[in-house]
Amino acid sequence: MMLEKRKERVVAIPTSSMADIAFLLLTFFLVTTSLDLDKGLGLALPPKGEAKPIPKQNIASIWINDAGEVMLDDEMTEISRIREIIKQRLAQNDKLTVSIKTGRNTLYQTYISVLDQVQLAEAKRISIAEPEM
Amino acid sequence: MPDIVFMLLLFFMVTTVFRQFSGLPVNLPTAKKIEKLEAKKNVVNIWADAEGEISIDDKILDQVNKLRRVMYEKVNENSLITTSLKIDRAAKMDLVTQIHQELREAGALRINYCAKSGQ
């Protein structure tokens, strides 16, 4: 009887190309990953139907008209100067509420610039007044 | 070497989020004092462009006052929600105020005006 010896096959996964494949996948995921984090100005809106009267001396009112001109307490002001003024007023009165009122056609960018300035001045109490409809 | 590559690969695979919807094309305003938004799962995105078109998450709304219902449901599901407003810099405040009103009605009081850093 002839028992034929079975040839043992060497089974192996070809590993030489593994790195290449991994690199290819890596590049794919690198390109498709978007690690974009949204950034922006935070603000808390007042709850519905709540209108607390604020003593007048605690309010700094900012008006922005349709043309993008800014008035801070009845004085025309450059947007870039709002920060210092609010900071000074906050130093005098820490209960200061900044009220921002806009016109109906005011550009959003102008509003954001003003809000940015107010937040740069570390004002914590900001109120957004509704424009007259 | 392949080990390291695989590790990196795994990292990127895990962090990759395929965006289903990228919103309306908007030109974000610029601001200086910007802060990062926290956990993405607590964020609702609202887009509004200069023409007054509004979109929430992936639906386009034809009327602003429909926002109230959608937001109300979202707040009910998750009270920690922050609304990220992605509004075009050329949009009018009229629209922004309407959105504010809708959010107040829905009780979604925490908002974030999405902005780019810059002047």
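To find a chain, count down the sequence lines: A is the first, B the second, and so on, and within it residues start at 1.
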**OP:** Against chain B, work out which of A:Asp66, A:Leu115, A:Thr15, A:Ile112 has the most heavy-atom pairs shorter than 4.5 Å and name it.
**Re:** A:Ile112
By a 4.5 Å heavy-atom criterion (distance strictly below it), what part of [X] contacts chain A: side chain, backbone, both, or neither?
| X | result |
| --- | --- |
| B:Asn45 | side chain |
| B:Ala106 | neither |
| B:Lys116 | neither |

Original post:
Do other residues, nucleotides or ligands put more than 12 heavy atoms under 6.0 Å from B:Met7 CE?
Top reply: no
Original post:
Do other residues, nucleotides or ligands put more than 12 heavy atoms under 6.0 Å from the NZ atom of B:Lys92?
Top reply: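 At most 12 heavy atoms, drawn from other residues, nucleotides or ligands, come within 6.0 Å of this atom.
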Original post:
Heavy-atom distance under 4.5 Å to chain B: side chain of A:Ile21, backbone, both or neither?
Top reply: neither
**OP:** Please flag which part of A:Ile128 lies under 4.5 Å from any non-hydrogen atom of chain B: side chain, backbone, both or neither.
**Re:** side chain
Subject >> Worked verdict on A:Gln109 versus A:Ser113 for side chain to side chain donor-acceptor pair (under 3.5 Å) >> reply: CA-CA 6 Å; A:Gln109 171 70 72; A:Ser113 306; 3.2 Å; yes
Subject >> From CA spacing to verdict: side chain to side chain contact (heavy atoms under 4.5 Å, CB included), A:Ile64, B:Met93 >> reply: CA-CA 10 Å; A:Ile64 316 167; B:Met93 278 311 287; over 6 Å; no
Original post:
Is a side-chain donor or acceptor of A:Gln119 paired with a backbone partner of A:Leu43 at a separation under 3.5 angstrom?
Top reply: no
